[in-house]
Amino acid sequence: MTQSAFTLTYGDNGVAWLKIDVPDEKMNTLQSAFVDQVTTVLEELKTKSDLKGMVVHSGKPDNFIAGADIKMLAACTTAEEAQQLAAQGQVLFSQLEALPFHVVAAIHGPCLGGGLELALACHSRVCSDDDKTRLGLPEVQLGLLPGSGGTQRLPRLVGVANSLDMILTGKQLRAKKAKKIGLVEESIPLSILLDVAEKQALKPKPNRKSSLQEWALGGNALGRSLVFDQAAKKTHEKTRGNYPAVDAILEVIKVGLQDDLKKGFDLEAKRFGELVMSPESAALRSIFFATTAMKKEHGADAEPKTVKRIGVLGGGLMGGGISHVSAVKAKLSTRIKDIANDGIKNAMNYNFKLLEKQRKRRIISKAEQQSKMLSISGGTDYTGFNHVDVVIEAVFEDLNLKHQMVKEIEENGNAQTIFATNTSSLPIHQIAQAAERPENVVGLHYFSPVEKMPLVEVIPHEGTSEQTIATVVALAKKQGKTPIVVGDKAGFYVNRILAPYMNEAASVLMAGEPIEHIDNALLDFGFPVGPITLLDEVGVDIGAKIMPILVAELGERFQGPDVFDVLLADNRKGRKTGKGFYKYDSKKKEVDKTVYKLLNIEPQQHAAAIDIAQRCSLMMLNEAARCLDEGVIKSARDGDIGAIFGIGFPPFLGGPFRYMDQVGIERIVELLTDCTDKYGERFQPCDKLVAMANEGQTFYS
Ligand SMILES: C[C@H](O)CC(=O)SCCNC(=O)CCNC(=O)[C@H](O)C(C)(C)COP(=O)(O)OP(=O)(O)OC[C@H]1O[C@@H](n2cnc3c(N)ncnc32)[C@H](O)[C@@H]1OP(=O)(O)O
């Protein structure tokens with residue numbers, strides 16, 4: 001007989017204990033196979049007239065329930081099947097809610113999706129104040145809505161505004177915030193969690209609706225509709241109609257509040273079923289599966305070395321961010337070296353400001369802030385570097401300077417110290433030429449701002465040892481990043497596919513299309529920022545530096561229109577100089593029209609937004625396929641994750657490769673050929689795509 005995931009025991013004080021512990025899994029998830037088990041448990045409980053209360057808790061050391069099993073959802077073949085799964089959950093949770101005694105959820109660790117929906121069906125909730133504890137309904141990030149009562153019970157518990165905020169963004173609350181909005185009654189140390197839950201269960205079952213909750217629901221219809229309208233407006237500004245789950249969420253919550261709970265539940269399950277079958281959800285689920293698989297990979301055929309101490313060279317923006325994720329996220333002792341005291345001061349300030357933000361939001365205490373600051377030190381010499389395991393350099397992009405750094409680290413570090421360079425444009429093998437121990441040299445390319453951007457490119461050169469690769473991959477993960485191992489060719493992967501896309505946007509601009517029109521076209525397509533805004537943010541000077549390297553190594557197709565020199569001569573580097581394509585002296589985002597004159601353009605909207613988006617994105621797709629063909633990326637999966645996490649390629653499309661599969665490779669080749677005729681040779685479809693189209697292949701099976 002298979003072991004049950006649900007065990008029921010009874011204390012002699014009238015409190016029952018329902019333990020959830022999915023056998024042979026480290027994470028609890030809700031699966032349809034458990035329906036019979038839960039039904040049996042509920043049937044038994046209904047017969048217990050003498051019970052005073054019950055505590056629902058997890059048998060896992062560090063998680064409550066991470067939601068419905070996403071693999072189970074992905075295996076659904078019809079909307080009805082998925083709807084049925086959600087409805088089953090609704091029925092069971094409603095039976096739990098209907099039990100006559102006080103049911104308390106004792107939560108520690110992730111309590112997400114269906115897990116929180118189960119907890120919401122309990123009469124009260126207490127949670128540990130541990131950092132691992134997170135409560136949320138992240139379904140929207142999978143292109144779904146909470147399907148087992150979440151859209152109905154959450155607004156009734158914490159109010160419309162709070163619940164819209166949680167359900168539309170999928171944000172996960174820490175214990176303190178959960179307590180603040182009334183999602184849990186208590187946030188307490190883990191050591192007393194079960195005791196407090198037991199005491200709570202012995203109290204009379206609370207009355208569901210308090211007057212405060214009624215008020216929070218936005219009691220009158222007018223107030224409520226105002227809250228809905230605002231949330232819809234704010235969300236649509238971001239999602240631009242690309243995420244169907246968002247509209248479904250708003251609709252289902254509204255119906256449940258306006259009509260009744262039953263109608264709300266029915267519509268919730270129906271929409272859930274439809275969304276599970278949507279291509280957007282399939283794409284977003286693929287990101288979950290990819291990132292989960294990547295968490296387990298070493299990136300090389302070796303075990304990583306233990307890393308305790310990090311050295312950072314250069315206290316600029318990147319150095320500051322790298323020191324932050326090393327010290328605060330990875331909890332490693334971090335030493336910064338710069339040639340000037342001002343550099344050290346900058347990096348320290350950078351760290352202090354980030355920690356201060358966390359302290360103000362009460363994520364960390366003053367004492368924690370101080371202790372984290374103490375793990376970062378700095379100086380203008382190499383004191384302490386002989387104990388450092390990995391040095392990450394973030395100095396100027398100059399090959400001679402990088403060579404000097406390699407030599408100095410070989411002199412001042414130890415024989416095992418890894419030299420990881422954060423270059424974005426110089427080949428790693430050229431940097432390694434100065435090394436006596438080239439096996440310790442590797443590229444580790446972060447994206448700005450380091451503490452926010454989830455991707456890191458790991459770039460071994462031919463002589464990098466497997467252990468060096470495995471060590472920096474493990475380090476990047478500890479820093480909270482998703483690393484992809486990419487080839488040592490110009491631009492690596494992310495900048496290489498970004499460059500032709502940006503060049504194309506510049507070509508469209510030079511053809512006279514207005515700046516906002518171009519940016520809006522790509523925002524509508526699903527990118528988080530438009531390409532012209534991005535150029536202003538990254539810096540025109542950075543683009544000017546990288547493009548010639550790409551042209552020299554990869555060819556003429558990287559030759560964009562000649563705009564950089566004119567802009568740089570006008571000191572128009574973008575945000576950093578307060579002067580770019582946009583104005584930076586007012587709060588409102590506004591194009592700086594003088595740039596048109598400078599570039600000799602008379603702006604006028606001719607092209608349709610969809611055509612602009614297609615032109616720019618096709619250049620990116622073609623280059624991504626080349627990268628896979630040349631082995632710059634190891635798999636379509638890495639290419640998808642790299643583009644989504646590094647550039648913000650629309651997640652609902654699943655990344656360039658999934659998107660090409662969805663459109664059809666033959667159609668992509670057709671579109672590229674069409675653009676070649678219209679705009680030039682740079683659109684020539686690459687050999688790989690042509691071969692795949694001829695053979696009817698796809699990137700994913
Ligand atoms: C009807 C309902 O409304 C519908 C739903 O509930 S949809 C599901 C909503 N829930 C979610 O989206 C949460 C998804 N999970 C996560 O975000 C993260 O796993 C987490 C924050 C819970 C934990 O992260 P972390 O500690 O890094 O562990 P992570 O490596 O991701 O997961 C550990 C294991 O649990 C699995 N897992 C976690 N959540 C899962 C889920 N909801 N379904 C299936 N497997 C899941 C992972 O696949 C992984 O399995 P493996 O070890 O066999 O590969």
Side-chain angles (χ1 to χ4, degrees), residues 5 20-35 58 60-76 79 81-94 107-121 130-154 163 166-167 169-174 245 248-249 252-253 265 268-276 278 281-282 284-297 329 454 477-482 651:
I20 305 168
D21 193 349
V22 179
D24 307 320
E25 303 271 356
K26 63 177 185 206
M27 185 76 72
N28 279 333
T29 59
L30 298 175
Q31 303 167 23
S32 58
F34 303 153
V35 171
S58 164
K60 305 291 181 203
D62 56 6
N63 62 81
F64 182 71
I65 301 171
D69 182 355
I70 302 170
K71 293 189 280 301
M72 168 187 79
L73 300 178
C76 288
E81 190 187 344
Q83 176 178 350
Q84 180 61 22
L85 285 176
Q88 253 170 2
Q90 289 179 352
V91 170
L92 295 175
F93 294 167
S94 292
I107 300 161
H108 167 65
C111 169
L112 303 173
L116 182 58
E117 292 179 297
L118 182 147
L120 285 167
D130 195 279
D131 193 42
K132 290 200 183 84
T133 297
R134 293 282 194 282
L135 295 95
L137 293 173
E139 285 88 342
V140 71
Q141 290 164 0
L142 297 167
L144 302 173
L145 53 67
S148 291
T151 62
Q152 305 304 307
R153 290 196 177 92
L154 191 66
S163 60
M166 280 180 74
I167 301 175
T169 63
K171 65 170 66 155
Q172 302 177 12
L173 307 188
R174 290 179 161 83
I249 288 168
V252 169
I253 299 182
F265 276 141
E268 181 190 74
K270 186 165 190 316
R271 292 283 177 266
F272 181 83
E274 291 161 4
L275 289 170
V276 168
S278 67
S281 177
L284 292 164
R285 288 192 308 256
S286 77
I287 301 174
F288 171 74
F289 294 132
T291 48
T292 310
M294 289 163 99
K295 283 181 198 169
K296 294 200 197 95
E297 294 170 6
K329 265 272 175 195
K477 284 193 229 167
K478 270 188 139 183
Q479 291 170 330
K481 306 292 168 203
T482 299

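Remember, it's 1-based here, ligands and their atoms both numbered in the order they're listed.
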Got the closest protein heavy atom to atom 40 (C) of ligand 1, with its distance?
T29 CG2, 3.6 Å
Atom 44 (C) of ligand 1: closest protein heavy atom, distance to 0.1 Å, is D69 OD1, 3.1 Å
Indicate whether the side chain of Q90 and that of E268 have a donor and an acceptor atom separated by less than 3.5 Å.
yes
If you measure from each heavy atom of G150 to ligand 1, is any distance below 4.0 Å?
no
Can you tell if the side chain of V252 reaches within under 4.5 Å of the side chain of Q152, non-hydrogen atoms only?
yes
Expected output: side-chain Q172 to main-chain R134 donor-acceptor under 3.5 Å:
no
Result for side chain to side chain contact (heavy atoms under 4.5 Å, CB included) between I65 and one of L116, V22, I107, N28 points to N28
Measure the spacing between CG of L30 and CD1 of I20 and express it to the nearest 0.5 Å.
7.0 Å
G113: numbered ligand 1 atoms lying under 4.0 Å from its heavy atoms
6 (O), 9 (C)
If you look only at distance, which donor and acceptor atoms sit under 3.5 Å apart when one is on a side chain in residues 284-292 and the other is two or more places apart or in another chain?
unit_1: R285; atom_1: NH1; unit_2: V276; atom_2: O; d: 3.0
unit_1: R285; atom_1: NH1; unit_2: S281; atom_2: OG; d: 2.8
unit_1: S286; atom_1: OG; unit_2: A283; atom_2: O; d: 2.5
unit_1: S286; atom_1: OG; unit_2: R658; atom_2: NE; d: 3.0
unit_1: T291; atom_1: OG1; unit_2: I287; atom_2: O; d: 2.8
unit_1: T291; atom_1: OG1; unit_2: F288; atom_2: O; d: 3.1
unit_1: T292; atom_1: OG1; unit_2: F288; atom_2: O; d: 2.6

Flag E117 as yes when one of its N or O atoms lies below 3.5 Å from any N or O atom of ligand 1, and as no otherwise.
yes
Can you check which of L145, L118, L142 brings a heavy atom nearest to atom 12 (O) of ligand 1?
L142
Please could you name the atoms of ligand 1 that T292 approaches to less than 4.0 Å, counting only its heavy atoms?
47 (C), 48 (O), 49 (C), 54 (O)
Can you pull out the closest protein heavy atom to atom 21 (C) of ligand 1? Residue, atom name and distance to 0.1 Å, please.
L112 CD1, 4.1 Å
Considering only the protein, which heavy-atom contact is closest to atom 20 (C) of ligand 1, and what is its distance?
M27 CE, 4.4 Å
So is A68 polar-close to ligand 1, meaning N/O to N/O under 3.5 Å?
yes
Is the closest N or O pair between P146 and ligand 1 shorter than 3.5 Å?
no
Might you point out which heavy atoms bring L85 and S32 nearest each other, and give the distance in Å?
CD2-CB, 3.5 Å
Which residue from G67, A66, G109, G115 reaches closest to atom 13 (C) of ligand 1 through any of its heavy atoms?
A66
Counting heavy atoms only, which of F288, F93, F289, F64 comes nearest to atom 14 (C) of ligand 1?
F288
shortest atom 25 (P) of ligand 1-to-protein heavy-atom contact is with K295 NZ, 3.7 Å
So, does N63 use its side chain to make a donor-acceptor pair with the main chain of K26 at under 3.5 Å?
yes
For the side chain of Q141 and the backbone of T169, is there at least one donor-acceptor N/O pair under 3.5 Å apart?
yes
Give the residue and atom name of whichever protein heavy atom lies nearest to atom 53 (O) of ligand 1, and the separation in Å to one decimal.
K296 NZ, 4.0 Å
Does K26 come within less than 4.0 Å of ligand 1, judged by its heavy atoms?
yes
Is a donor on one side and an acceptor on the other found under 3.5 Å between the side chain of K477 and the backbone of E297?
yes
Which heavy atom of the protein is the closest neighbour of atom 43 (N) of ligand 1, given with residue, atom name and distance?
I70 N, 2.9 Å
R153-S94 side chain donor-acceptor pair, cut-off 3.5 Å:
yes
Any N or O of E139 closer than 3.5 Å to N or O of ligand 1:
yes
